[in-house]
Protein chains: 2
Amino acid sequence: MPELASPERVETLSDQVYAELRKAVLAGAFVPGQRMTIRGLAAEMKVSATPAREALNRLVAEGGLEYGPGKTVRVPAITAAKLDEIYLVRVPLEGTAAELGAARLGSRGIAKLEAFVERHAAALDRGDFRASLRENQGFHFTLYGAAERPLLMQVVEAMWLRIGPMMHLLYPTFEANRSGLRNHLAAIEAVRAGDGAALRRIVEKDLLEGRATMLRALAGQAPGNLGDAA
Amino acid sequence: MPELASPERVETLSDQVYAELRKAVLAGAFVPGQRMTIRGLAAEMKVSATPAREALNRLVAEGGLEYGPGKTVRVPAITAAKLDEIYLVRVPLEGTAAELGAARLGSRGIAKLEAFVERHAAALDRGDFRASLRENQGFHFTLYGAAERPLLMQVVEAMWLRIGPMMHLLYPTFEANRSGLRNHLAAIEAVRAGDGAALRRIVEKDLLEGRATMLRALAGQAPGNLGDAA
DNA sequence: CAGTGTTGTCTGTTATAACAAACACCATTG
DNA sequence: CAATGGTGTTTGTTATAACAGACAACACTG
C-alpha cells in the first residue's frame with residue numbers, strides 16, 4: 001500500500017463549487033440584493049448546471065443565500081431586524097464557544113491568537129480592510145474552534161455566513177475595527193487568567209460593538225436599501 | 001383579476017420531497033444508522049432521481065441527515081457528546097425564544113398552549129407515544145413561534161431535526177413525559193405572570209430533564225450503537 | 001476446501017435535453 | 001406618442017443517460 005492518504009472523501013464538483021461560493025459569501029464578496037443564476041455560476045466555474053444548482057441550493061439551505069421572487073437566488077438583503085436576530089443567536093453561542101475554547105487553548109493556541117491580533121493590527125495600519133476582516137475572523141474561529149464542538153461551530157459559522165454580505169457596510173469605519181482589536185487583546189488576557197466569565201463578557205462586548213457599528217452604518221447610508229426586505 | 005391567490009410560491013417536486021422527508025425525520029420516523037439512497041427515495045416518492053437527490057442534500061446541509069462512508073446518506077447516529085452539544089445550543093436559544101414569545105402571546109396564544117397541554121395529557125393517558133411527542137413539539141413551537149424571530153426559529157428547528165432520530169429512545173419512558181407536562185403547566189403560569197426570567201428557568205429545566213432522560217436511555221440500552229460514531 | 005478473480009448490480013455524480021414560466025424588448029397599432 | 005401585443009431569450013425544473021467506483025456473489029482454480 002503505497003499511500004495512506006484518505007481513502008474516502010472524494011471532492012465532488014458540487015463540493016468545490018459550494019466551497020468556493022461559501023468562501024466568497026463569508027468574505028463579503030457579494031453585495032446584498034445581487035442575483036445569482038445557475039447557468040451563470042456554472043459558466044463561471046466551468047461546470048454543468050447540475051453542480052452549480054446543487055451548490056446554490058445548499059447555500060440557501062444553510063442561510064447564506066435566499067430565494068427571491070419566483071425562484072431566483074440572491075444574496076440576502078439587510079434589515080435592522082435581521083441583524084438583531086443574528087446577534088440574538090451569536091451572543092450566547094459565541095460566548096459559550098469562547099468559554100469552552102479558552103479552557104482548551106494551550107500556550108500554542110494563545111500564541112496563534114496573538115499572531116492574529118498582530119496581523120490584524122498590521123492590516124489596519126496599512127489600511128487593508130479585507131485583510132483586517134480576515135484576521136478578525138481568524139481570531140474568533142481559532143478561539144471557538146478550540147472548543148472542539150462541531151455542531152456549535154456549525155451554527156456559529158452559519159451566522160457569520162449571514163453577516164458576510166453586510167461586511168461592505170463597514171468599509172469606512174476603521175475606528176470600530178480598532179476597538180475590536182482592543183477587545184481581542186483583553187480576551188487574550190482573560191484566557192491567560194483562566195477567567196471564563198470575564199472572557200464571555202469581553203466577547204459579548206466585542207460582538208455588541210460590532211452590531212452597533214453595523215446598525216449605525218445601516219441607518220446612515222441605506223435609506224434606499226438594496227434588494228427586497230422579504 | 002378573478003383570483004388574488006399567491007402568485008409566487010410554486011411548490012416544486014424537490015420541495016415536496018424535502019418537506020416530506022423533513023417531517024419524517026422530525027417525527028422520529030427513521031432509526032439512526034439507517035441508510036437512504038437517492039434512487040430508493042425517488043422510487044418511493046414516484047419522482048426521478050434529481051428531486052430526490054436535491055431533497056437529500058438539502059437535509060444534509062441542514063444537519064438532519066449526514067454523509068456516511070463514501071457518499072451514502074444516512075440518519076445520524078447518536079452519541080452522548082452530540083447530545084450534549086445539541087443542548088448547549090438549545091438551552092440558551094430556546095430560553096430566549098420562550099421569553100420573547102411569551103411577551104407576544106395574547107390570551108389567544110395562551111389558550112393554544114393550554115390546548116396542547118390538554119391533548120398531550122390525553123395522549124399520555126391512552127399511551128399514544130407518537131401523539132404525545134407531537135403535542136410536546138407543538139407546545140414548544142407555538143411558544144417560540146410567537147416571538148416571530150424566523151432566524152432564531154430556524155436554528156431551533158435545526159436542533160429539533162437532530163433530536164428527531166433520538167426520539168425512539170424515549171419510547172419506554174413515560175414518566176419523563178409526565179414531568180415535561182408539569183413543566184409546561186408551570187411555563188403557562190409564568191407566561192400569565194409575565195415573568196420572563198422564571199419562564200426561562202422553567203424551559204431550561206424542561207430541556208435539561210429531557211436531556212437527562214435521553215442520556216440515561218442512551219447509556220442503558222445502546223452498548224452496541226447503531227450506525228457509526230463518525 | 002480455500003483463495004482469488006471476474007462479473008453483475010447498485011451506488012452517487014454529472015452533463016444534457018426538453019419543458020414551462022417569466023421577463024424584456026421591440027414593433028405594431030391606436 | 002402611448003399602449004399593447006407578440007416574440008425571443010433567459011430563467012429554474014425535471015427526467016434521463018452515461019459514467020466510475022464500490023461491493024457482493026459466484027464460479028473457477030490452486
Side-chain angles (χ1 to χ4, degrees), chain A residues 1-22 30 33-76 227-228 230, chain B residues 1-22 30 33-76 227-228 230:
Chain A
M1 48 181 88
E3 46 184 87
L4 306 176
S6 67
E8 321 190 350
R9 277 318 110 201
V10 282
E11 268 270 304
T12 69
L13 283 184
S14 290
D15 292 338
Q16 292 172 33
V17 175
Y18 165 76
E20 203 67 31
L21 203 55
R22 187 178 205 276
F30 300 126
Q34 187 171 140
R35 278 211 304 277
M36 315 207 53
T37 68
I38 293 174
R39 286 173 175 91
L41 180 63
E44 197 168 335
M45 305 278 284
K46 307 280 196 178
V47 297
S48 86
T50 306
R53 173 176 160 79
E54 174 158 330
L56 243 12
N57 281 325
R58 219 162 131 186
L59 223 49
V60 169
E62 218 177 338
L65 298 174
E66 70 175 10
Y67 293 131
K71 267 298 185 114
T72 65
V73 170
R74 63 179 180 188
V75 181
D228 204 10
Chain B
M1 48 184 86
E3 47 184 85
L4 307 177
S6 68
E8 321 189 350
R9 277 317 109 202
V10 282
E11 269 269 304
T12 69
L13 283 184
S14 290
D15 292 339
Q16 292 171 33
V17 175
Y18 165 76
E20 202 69 30
L21 204 55
R22 187 178 204 277
F30 300 126
Q34 188 171 138
R35 277 208 306 277
M36 316 208 51
T37 67
I38 293 174
R39 286 172 175 93
L41 179 63
E44 197 168 333
M45 305 279 283
K46 307 277 196 180
V47 297
S48 87
T50 305
R53 172 177 161 78
E54 174 159 331
L56 243 11
N57 281 325
R58 221 163 130 186
L59 223 51
V60 169
E62 218 177 339
L65 297 175
E66 70 174 11
Y67 292 131
K71 268 297 184 114
T72 65
V73 170
R74 63 178 180 187
V75 180
D228 205 10

Quick note, B/Leu13 side chain, CB onward, closest among D/dT16, C/dT14, D/dT14 is D/dT14

note: A/Tyr67, atom OH; C/dA22, atom P; distance rounded to Å ~ 17 Å

For A/Ser48 and A/Ala42 the tightest heavy-atom approach is O-CB, 3.5 Å

B/Lys46 atom NZ is separated from D/dT14 atom C1', nearest whole Å, by 18 Å

In whole angstroms, the gap separating P of C/dA15 from CZ of A/Arg53 amounts to 15 Å

On a heavy-atom basis, the closest approach of B/Arg74 and B/Gly68 is NE-CA, 3.7 Å

When rounded to whole Å, the OH to P distance for the pair A/Tyr18 and C/dT14 reads 15 Å

Please tabulate the protein-to-nucleotide N/O contacts below 3.5 Å involving nucleotides 9-11 of chain D, giving atom names and distances.
none

Rounded to whole Å, the CE-C1' distance (A/Met45 to C/dA15) equals 16 Å

Looking only at C/dA15, D/dG12, D/dT16, the nucleotide nearest the A/Thr50 side chain is C/dA15

Atom CG of A/Leu56 and atom C1' of C/dT14 are separated, to the nearest Å, by 17 Å

Check: Would you call B/Arg58 and B/Leu21 a side-chain contact if the rule is heavy atoms closer than 4.5 Å?
Finding: no

Among the nucleotides C/dA15, D/dG12, D/dT14, whichever has the atom closest to the side chain of B/Pro51 is D/dT14

Discussion item. Could you check whether B/Arg22 pairs with B/Asp15 (Lys NZ or Arg NE/NH1/NH2 to Asp/Glu carboxylate O, under 4.0 Å)?
Written reply: no

Worksheet item: Can you find a pair of side-chain heavy atoms, one from B/Val73 and one from B/Tyr67, that are under 4.5 Å apart?
Response: yes

Exercise: do A/Tyr18 and A/Asn57 side chains pair donor with acceptor under 3.5 Å: no

A/Glu54 CD to D/dT14 C1', in whole Å, measures 15 Å

query: Below 4.5 Å, heavy atoms only, C-beta onward: do B/Glu54 and A/Glu54 meet side chain to side chain?
result: no

In whole angstroms, the gap separating C1' of D/dA22 from CZ of B/Arg35 amounts to 11 Å

